[in-house]
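Notes to accompany the following structure.
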Amino acid sequence: MAGKTSVYRNVEQQFNKAADLVGLDPDVRKILARTKNEIIVNFPVIMDDGRVEMFTAYRVQHNDVLGPFKGGLRYHPLVDIDEVRALATWMTWKSAVINLPLGGAKGGIQLDPSKYSSDELERITRRFTFALGDNIGPEYDIPAPDVNTNSQIMAWILDTYLSTISAKERQSCFHVVTGKPIQSGGSIGRDKATGQGVVYLIERWAKDERFDLPGASYFVQGYGNVGSWTARLLKGDGAKLVAVEDATGAIFSQEGLDADDLYEYCASHGGVSGYPKGKAVDHEQFLGTEADIFVPAAMENQITGDTAGLLKVKLVAEGANGPTDIEGDGILQEKGIALLPDILCNAGGVTVSYFEWLQNKRSEFWDLEEVDAKLHKLMISAYERVRDAAKRYQTDWRTAAYAVALSRLEKVYKERGIFP
Ligand code: GLU
């Protein structure tokens, strides 16, 4: 997969284009063009062999005018301030598009988690949580899973946070983090939520376009939480998975890959490489796969000026955050490829995080039917708002999604004014 260029540059370009289009108030524009807080912590952790290693971690809080800061934590060697700043800003837009009473934040640790034992990851996570201290909190800033983090890591964050506050407050602070294991206060349906949201939107798009999903073909980049759930749920619609790429390589099968079988294989082999029922292909062949739908569900800057020309699909549904840069967007539009943009398409995760947060606050436990029905409703009404904005402004769907988000934020700033 491609190397790293500035991700925040993409946010700035997307933001400026939409702000110009909607004639965003110049004062609101100044505010939203900056992040509110940027926290960088360096901390030591004892490794299994007794050595001490230093880690650098980030939490960027972009905006909290709509509600508490909200967003995931990623563990990845390429995590840096530029990336976290971009991801935090996208979270603000995402919550605003869906109409959630939440702001935007993101964090991460610059490390390759595959190089550490489970005990080491636990100590790193706990020490990171301790270093963040009061910078997170159940009504202030609520982390969640992202790339290479999962419900176990959220459980360690919860336990560490609760251990550092007074005993009397503990029972009322379970919503300091979302994406927890169910038994530790997680929500049913959170695990599949991002993929489920992607699939709800693909289904809705197919209905609008009178496009038949049964028999349609799709391919997926990334087979972590988002990619694998999207692939497995689209299988339920009778669509055919023809190619998958992850950090270990890419595989293709004209007859179709079984998404569940591949999921099992990845769990025991650490990735798609060597999967016996698929043929190995290179990155360019993968992007050029003849199929109807492409779901990028890995890292940023994958569909760019260099690679967008390879795509032969009808629809790109962005499971990842920031997979397409501004040049890539231009090429998709020239080629007439439809787009479900990240801040709309992958918002199912934070939406069910919001449900988890609510359940914790109210000491409730919703069943899967309730979670899915509420998720469906919020995703589809956001889809309709974005679709209608694209028509109204005669613009592409990414800019339309920004227009929806920015208009909402602008309204709130106008109502509240600027202190003092
Ligand atoms: N990391 C996910 C995202 O990028 C989920 C964030 C959350 O649940 O707070 O949207």
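Counting convention: from 1, in listed order, for ligands and their atoms alike. This structure is a prediction, so every number in the text was calculated from the model and none was measured. Residue numbers count from 1 along this sequence.
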Test: ring-ring contact (aromatic ring centres under 6.0 Å, His included). Region: residues 307-348. Which pairs qualify, not counting sequence neighbours? none

Residues 133-174 vs ring-ring contact (aromatic ring centres under 6.0 Å, His included), sequence neighbours excluded, gives F69-Y140

Output yes when R85 and E12 qualify as a salt bridge under the 4.0 Å nitrogen-oxygen rule, no when they do not. no

Mind checking what residues have non-hydrogen atoms under 4.0 angstrom from ligand 1? K70, G71, G72, M91, K94, K106, A144, P145, D146, R190, N321, G349, V350, S353

The single option from V176, V177, T129 passing side-chain contact (heavy atoms from CB on, under 4.5 Å) against T160: T129

Between F286 and F219, is the ring centre distance below 6.0 Å? yes

Mind checking ring-ring contact (aromatic ring centres under 6.0 Å, His included) for W397 and listing every partner two or more places apart, or none if nothing turns up? Y383

